[in-house]
Each structure stands twice: as C-alpha cells, then as structure tokens.
Amino acid sequence: MTETFFGSVVRQRIILFVIIGFSFVVSINLFKMQILENPTYEKKSEENSIKKIVRYAPRGVFYDRNGEVLVSNKPSFTLQITPSQYKPNLTSMLENVMQEDSGYIADVLNKYKGFASNRPIRIKRDIDFQTLAWYEENSENLSGVDYVIETQRDYSYGVIGAHIFGYTKEITSKELAQKKEFYDLGDYIGSKGLEKTYEEYLRGSKGYNLVLVDSRQRIISRYLSGKEDISPIKGKDLVLTLDLPTQQKAEELFLGKKGAVVAIEPSTGEIIAFTSSPSFDLNSFASVTSGSTWNDLVNDPDKPLFNRATMSIYPPGSTIKMLEALIGLEENIIDKDYSVNCQGGYRFGDRFFKCTHVHGTVDMERSIEKSCNTYYYKLMLEIGLEKWAEYMRKFGFGSKTEVDISEESAGLVPDTEYYNRVYGPRGWTRGFLVSLGIGQGELSATPIQLAQYVSLLANSGETYKPHFVKGYINDDGELVKFPFEKIKVDIKKENFEIVRKGMYDVVNESGTATWIKQQDVVIAGKTGTSQNPHGKDHALFVGFAPYDNPKIAVAVFVENVGFGSTHAAPIARDLIRSYLRLDKQKEDKIETNIAGINN
Amino acid sequence: MKVEYKLQDKFDFWIFGALILLITIGLISIYSATVNHPTAYGNFQKQFFWVITSLTVFIIVYYLPQNLFRLIAIPSYALSIILLIIVLFAGKTVYGAKSWLDFGGIGFQPSEFAKIGTMLALSYWLTYKKRDINNFKDILIALVIGFVPIFLILLEPDMGTAIVFMAITIVMIFWSGISLFSLFVVLSPSIVIFASLFGIAPLIFVLIIIILSLFYFKKDIFTSITVFILNLASAFFFDFVFNLLKPHQQKRIESFLDPMADPLGSGYNALQAKVAIGSGGFLGKGFLQGNQTQLRFIPEQWTDFIYCVVGEEFGFIGSILVIILFVVIFIRLLGLANSSKDEFSSLTTIGILAILFAHFMINIGMNVGITPVIGLPLPYVSYGGSSLFVNMILIGIAFNTYRNRRQHI
C-alpha cells in the first residue's frame, strides 16, 4: 500500500474487499444456519421455547385501627376468551350460563378490539361454581374459552366503604406508557380511593413461572424444574384509622338517607368513620363490569359515585358561629360578656335579617347555645370581611384538606377580592357580610372540612391533617407509621374554652340539641341548617365527646331533611356512643346485673 | 459549462431500485411482526407514512445546489454538537440511552442528524485546499472532529451509534490517502480495545504484536514509544468508558463472548434470533407463518431484529436477497465516489457508504450471531422514522453529487 493519495485504486479495492468479504462471511453463516443446521433450529423453534407466565401478587389487606380486617383477598375464577380460537356461535350459550344479558360478551370483546387476537381477554371475573362446573363438563366443545385463578378483593367484612377503599381497574394504555417499568398490559392498578393513593404499597410485585412451550404455546414442562421461577410478593398490608363498629354504624344510619358523615380523632386527625350516601357496591367493580352496570351508576340521579363527604360543597350554616365568636375574642373586638338584645332580627340598611326567635339579651355562650342570628349579624359587621376570611382559612376552609383519597373540593371563602371579581367593586355592599355571619351566602364547605374544624375546636386549636391510614406493616410484622402534617391555629386556650362551653350548653343546658344529652357521656356540639334554594334545607351537626377529653369529633350532613337538631344530631350521638363502646358497656352492665340476680 | 445528460447519467437506477426493494421487504416484515401485536399493531401504517415523507425529502435533497453541502458543513457540525450536548441534559431516555429530544411532540435523535453533520465536516476538513493528510496535526484535527460526537454519544450511552461514528472517521481518513503507518497509529488502539475484552492474556499478546509492528515500521524511538503509550492509554480509556455503560449494555458485550451463559437474559435475544433465522430453511416458513415472529419470542422485533423476520419467513432466499441488495448499493456507492472528480463529493459519498455499511455490518452481524447484540437498526428495512429519514437524506446527498459530478472537470 504505497499509493498514498486521495481515493487511490488500492484503497478502493480494500473497501471493496471488506464489503464483499463481510457479505461472504454472512452468506456462509446463513447457508450453515438455514440449510445445513436447519433441522436442529427447526426442532428448537417447534419445541423448546421458554415462556414467562405471570403470577399476580395479592394486594395488601386493609385492617381497621384495632386490627380487624376491612378488606382482604379471595381466590376467584375468571372466565376468559381467546378471540383467535373462539367461535361466536358459543356466545348465546355462554351468556345464558353466566346469567348475563345478550350482547354482554360482544360488549366486552369490543372494548379490546385492536389488541392481539391470540391474547386471552377476561370476560367475567368471579364466576360461580355452577358456571365452573358447567365449563369443566363441556370444555372440549368450548374452543377459545378457558378460566384462570386470580385473587380478587373480598368485601365481605361488613363494611361498604366504597368511597374510602376505591377500586382497581385494568391499566389503560395511556397509564401504561407512563409506568412501563412496573406494569404490563392486563395488569390492574388502583384507580380510586385508598387503592389509588397507596398503590405503591398495595400492589406488591409480580412473579413469574418459566415454562417450556411448543410453537402452539402449549406448555411442555417447567423450565429447569422451576429453579429460575420468581414468586410473587404480596403487597403491604395497611392499618387504617377507621373503627369497624363505628364505620358500620355510620353506614347503617345513612341507609335511605342522602348525605355524609366524617368522624375524626381530634388529637391525631385519624378518621374514625366516614360515609357518603348513597353508596355503591364495590363487588360490582371487582368483576369485569359490563357497560350497563357502569352507566347505571353514572346516570343515577342520586349520584352514588359522587363522594359527598369530600366533594359536596354547601353553606355550613350556624355551625360556623363558634369560629366567629373566636375571632371576636382573639382580636379583642368583644369579650365573653358582650351582649346583644335580640328582638327577632337585625335591620341593616333597608333590609331586615330575621332570627329564629326573639332571644332578648344574649351574651356569647348563650348566642351559641341558642344559635342567635342577631348576635352574629352584628358581630360579623364588627369583624369585617378580610379578618373573617383570614380566620376561616386558618381553620382550613377554602382549601382542600389533602385527605389521602383523591377527588376533593376546596369550597369557597369569599373575600373582598372575590366579590370585586364577581360583582365588580361597586356591585356589592356590606349587606353581603350579614348572611356570611350566619354561615350562609357564598361561603361553602365540605363535610370533611367541617370535621377538621370541629376537631380544632375540640382540641383547642391543634390537630393533624385528616387521614385514613396509620401506616403499613413491614416484613417483620411491625407497623411503620406514615407522617402527617400538623395543623395548629394560634388562638388562646381560654378563648377556646369559652366557645367550647357554648357548645356544651347546646346539648346539656337549654340549647338547640338538648335531646341528644347522654347520661354516660358529655357531648358538646352545634346544630346548623344549610339553606337550599332548590328544595328542603340540609341538616348539619358538628360535635365532639367527651367534653373534658375529646376522643371523637363528628360532622354530620344530611341532605334535604330540614333542621339539624332533629336529623343530624342523633347520628352524631349514635356514632359517639358506638366509638366509645357505651352501648356495649351498658349491655355488659345489664349482663352482670342479670348474673348477679341469678346468683 | 452547461451539459445535457441522459437521465441514467444523473440518477443511479441500480441504487434506487435496490433501495425500493429493501424498503418494500422492510414494510412486509414490519407488517408481519406487528399485525398481531397488542401495542405495535399500527407500526406498518406509521412506517408507510415515513416512507412517503422520506422519499419526498430524498427528491428535494437531490435537487439542491451541490455547493450547498460544502457551505453548511461546518454549521451543521456545530449544530450537531450543540444538540448532542443538549440531549445529555434534556433528553428522553429510550432503552437505557438518553438519546431522544422532543420538539413539540415530534421526537428525534440528535445522533442521527449528527451523522450528516460529522460526515460533511470531515469531508470539508480533509479536502480543504488539497490538504496533506499525513501531516500529524491534520490527522489529529480530523480525529477530533470524529471523536467529539463519539464521546458525547458514549455518554448517552449509545454504543452502536458510537461505533458508526468511528467507522465514518476511520474510513474517511483512509479514503483521503493516509499512509500505512498513520493508519496503523489510528487503528491499533481499536484492536487493543477489542483484545482487552477477552481478558489480560489476549491484551498482552496484541501489545507484543504492536511492538513488533513498530520495529517493522522503523520509525525513530520517540515516535514508537509515543504510539505504544497511546495504545496502552486507549485500553485504560476503554475500561473507563465500559464502566460508564449501563449494566444492560455491559451485559450485552459480555453475553456476546458467551451467549449461553445467560440464556434468559441478554443472550436470550441472540439465541432466539439465531433460532428464528435458522428455522427459516431454504424457502422460509412463509408470510405471517413464522412462529418465532408471530409468537413474539424476540421483543421489539420490528426494529433491530427485523432481519430475523426475513430470515424466518422468507428463508435463505430472502436473507441472501437482502444481502445482495445491500452489496449492490455499496458497490455502486463506491463507484460513484470513484467517478466523482471533486474530492469533497467523493469523500461525502465514501462517508455515506461508511455509515450505511457500519449499520449493515453491526445489525446483520448481531442477527446472524457473529457480532455482539448492539442495538442498531438495519437501514431502510427496520421500523423507525428518523433513521429512514436520515438514510434517505444521505442517499439524496450521494445522488446529488452524482448528478453534478461533471461540473468540476
């Protein structure tokens, strides 16, 4: 190679040699593989191919605060169809056996149009034993139909909790694109509620079996006798803050009613009971839902899928009065002895704002006890809109509580900026404040915000963000707690004492809810009515017990029933009794008495 | 001087015909590999769209004024380097390499674009004012032009593409008339690196050969020692780069050395690819009949392992046809490079040949099991818009210089 000039003939030949040389080597290799060794490779391709069979991990179990099971798993049989081998003339017979409407199978298969036709599609989860037995007898004639054993959520522990637990659903291709490292097509993923929030803990990790399959995907044997298989790892169990009996009681009390209740342990923010009614059956989500089940739920005028406890926003009515009293005290606008003479209402400009009764001279404690509107009309005007809005926000109104299930509304705390935006700077007057003073007008809040608010009242300004989960159980069986943010409202304790005394009077003196007064526990609370321009008013009650050392704070909201004292307060009373196990003590007492008599 | 040509004097029908056949074989194979696939079933339509787009761009490039390529050589190289740096920070990771940039929903790989930029820049530098390629400084600068993108691409890390850039650099320097000794200096480090993969003993063996060669060249002692140290340093440098590689890439290189060591891991693809091709036989199993393909034993078969589909479903006949079509393209490109009297045009054509041949060699090599599994698409056949797009631009440039070849006589 002495020719060292540009593009010389020698160099051209060398390049040519490399091209021809490599192509020749490849051709020799192809000849060797495809002609000489073809039988060996053909045999390999026909027989011994390794296939992964995915084994799904059971999801973590939900326990209540005392270790009682709320939701666990059960094995279930899932009927599936492989479209490429399936004969459509089997459809009507299958639908008959599964007791589904005609068109059910077509519906499900339609959803998976465009997917590989040799991939089995889940037709129905949790088929009954009758169907299974029928399948076993006739399987020879049912080409393209088979079943697999999967684990499925078991909701048979006496709680509904649909809005709390949420559900899982098959992963969408959009989600799959984002989370490719953990999921495959056909996997289930938490879609609502705790199943969604704690998906990372609950999902566990999939395992697989390696098997040798022939070219028609028939399993020949285990690969290396299963030595290389990986067992699935069950998801982490969660310990919830719910109390099973109280939760059951809440769900039972709301049967046939519309509304929501949230009960919280004030010192920790732990949610003891939580319900939104009407609810729905999670079992209908556990099996493959046909379009019609879903449509029924979506189109139901009572909106069972809507989580009223975190999403419905209504004016909180008189339940807000304690907060205004606190502002008055803390800002030194009034003291506890400040009195108003109630003559059945309050004149502001040319409008007369009514009170419920003629209360006469009313001081602060009595204003709460009797829920005197006149007192708060006046007080509100003294506080002013900006100061009022500032305190409302301190207590969590106007922003999401960030409870650990998604889908939550923030509600609304109107302020000057808001009114200017909506009505224009000249479009509104101080008269708007008068309605805000009794918790009506533009002010709106969710039941869970009210529960957080009453927790702060009960615990003199300190609690934690409301939450459903204490923590997860680690591999050593120990509870690992999740951290939750502390909430602190800087208001003097003696001021809290004054409004708490007012709430005591509501139930225990001559207030608006005296008829829920209990012998064995001191309840404090406040009734409220949320004005509803579309129909009957909504009833509200917030309360806590025991008065001296609050263990439970409750916010009850019942739609379209009228006055809070009659409809909402008894629900709070029953939940308090249930959580403090008072009825059980009573029974125990009676039992010991009976035992005593017998002796 | 304006000369009228016949069409066949301006347009190479051999290359174009081979190209169209390869693209057609690619489309058929992509259809076969994806038609029953749960997520990739739309790839045939997408590729078809890209074929139309790329052919349009090819025609546009064909009609561009020829001196344009010389003008944009340095700017396009500079832009390539900038994009390669940006992708390291803002890139999207695909298959373990941070190699994709998103421009308003349209993704593309800067390293694809950089092939054009680097090829043009090297052509520009090596032919600027009748350069003497055996001047040490000039070789060094040519090497730097080639190795800056190589280094940036290794950081992504994308081993396969980095090898393509090495091929571009070395082949183009070679074509410009480098002396045997200079070529030895440039090439010997790669041989040292390759040997170091097999362990300490082969490395020492190769180093001894290098010392013997240095005696043969009879250069002065200072030059010889410098070259030897350069070789030694490259082995250490490679070790450093090897550690930069992602574990799956290290494994790929290791599994090439012993594919049976880990039949379910990285050796799995190599093994299944061989089974697919080997089981094809003389005539193949027929369109849509390949059970390895249809049962998806090889993941993402429509990209880097598309040749297996050809091998399995169209057998020895189909596989050899693909090889022949490529050889036709390569030999004709070599002819074009030779017929061009303008050194810049000749060198760009050789650069294009180097890019296409490096892809061909690495891709076919790994499919047949004679080179490691390093992810690179087979030009014109594999699924992938940006790769097809760039490869059609390259052919467009080659045709453009062919069209204008007599203007410099």
Side-chain angles (χ1 to χ4, degrees), chain A residues 1-9 11-16 18-20 22-27 29-46 48-52 84 112 114-119 173 176-177 184-186 210 213-217 223-224 228, chain B residues 36-39 41-42 126-127 133-134 171 174-180 182-183 263-264 268 272 274-282 284 290-292 294-297 311-312 315-316 319-320 323-324 326-327 330-331 334 337-338 340 343 346-347 350 353 357 360-361 364-365 368-370:
Chain A
M1 203 165 48
T2 48
E3 292 174 81
T4 56
F5 57 84
F6 188 92
S8 71
V9 180
R11 277 156 208 264
Q12 204 184 319
R13 283 189 189 146
I14 291 175
I15 292 180
L16 192 64
V18 172
I19 293 170
I20 302 286
F22 178 78
S23 306
F24 187 69
V25 171
V26 169
S27 305
N29 257 284
L30 286 172
F31 184 76
K32 194 178 120 207
M33 285 162 70
Q34 296 186 302
I35 313 277
L36 301 182
E37 294 173 359
N38 171 255
T40 325
Y41 283 117
E42 205 160 318
K43 196 159 176 277
K44 262 191 192 162
S45 128
E46 286 294 324
N48 288 345
S49 296
I50 298 157
K51 191 189 161 202
K52 274 183 187 176
S84 60
Y112 293 89
F115 287 102
S117 59
N118 57 0
R119 171 178 170 261
S173 41
L176 193 60
D184 285 314
L185 211 69
L210 296 171
V213 292
D214 65 7
S215 63
R216 270 179 263 165
Q217 295 283 71
Y223 174 69
L224 292 178
E228 301 278 310
Chain B
N36 281 324
H37 196 279
T39 53
Y41 56 88
L126 290 170
T127 61
I133 183 59
N134 289 309
V171 170
F174 174 75
W175 188 249
S176 354
I178 195 171
S179 73
L180 191 54
S182 306
L183 188 68
L264 273 176
Y268 173 87
Q272 293 295 346
K274 283 182 90 167
V275 171
I277 293 175
S279 62
F282 185 69
N291 50 317
Q292 292 275 318
Q294 300 306 326
L295 296 178
R296 303 196 287 277
F297 280 111
E312 188 183 22
F316 183 69
S319 315
I320 286 292
I323 303 291
I324 290 172
F326 271 107
V327 169
F330 296 147
I331 290 179
L334 193 59
N338 197 40
S340 186
E343 289 197 347
S346 172
L347 205 50
I350 283 297
L353 169 60
F357 184 69
F360 169 77
M361 199 162 106
I364 299 285
V368 185
I370 54 180

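Quick note on labels: first sequence line is chain A, next is B, and so on, each numbered from 1.
B:W175 places a side-chain heavy atom less than 4.5 Å from the side chain of A:I15. Side-chain contact between A:I14 and B:F174 is present, with at least one heavy-atom pair separated by less than 4.5 Å.
For chain A, the nearby parts of B:I277 are the backbone and the side chain; heavy atoms of each come within less than 4.5 Å. Only the side chain of A:I20 comes within less than 4.5 Å of a heavy atom of chain B; its backbone N, CA, C and O stay farther away. Both the backbone and the side chain of A:L16 come within contact range of chain B, judged by heavy atoms closer than 4.5 Å.
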With side chain to side chain contact (heavy atoms under 4.5 Å, CB included) as the criterion, how do A:V18 and B:F357 come out once you've worked through the C-alpha distance, each side chain's angles and the decisive distance to 0.1 Å? CA-CA 10 Å; A:V18 172; B:F357 184 69; 3.8 Å; yes
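Heavy-atom minimum distance, B:V327 versus A:S23: CG2-OG, 3.1 Å.
Here OG of A:S27 is found 7.5 Å from CD1 of B:I324. Values are rounded to the nearest 0.5 Å. For the atom pair B:K274 NZ and A:N29 CG, the distance stands at 7.5 Å (nearest 0.5 Å). Atom-to-atom distance recorded for B:F330:CZ and A:F22:CZ is 9.0 Å, nearest 0.5 angstrom. Distance CZ/A:R11 to CG/B:N338: 13.5 Å, rounded to 0.5 Å. Rounding to the nearest 0.5 angstrom, the gap separating the CD1 atom in B:I364 from the CG atom in A:L30 is 8.0 Å. Once rounded to the nearest 0.5 Å, the distance linking CD1 of B:I320 with CD of A:Q34 reads 7.5 Å.
Taking B:L334, B:V171, B:I350, B:L353 one by one and counting their heavy-atom pairs under 4.5 Å with chain A, the maximum is reached by B:L334.
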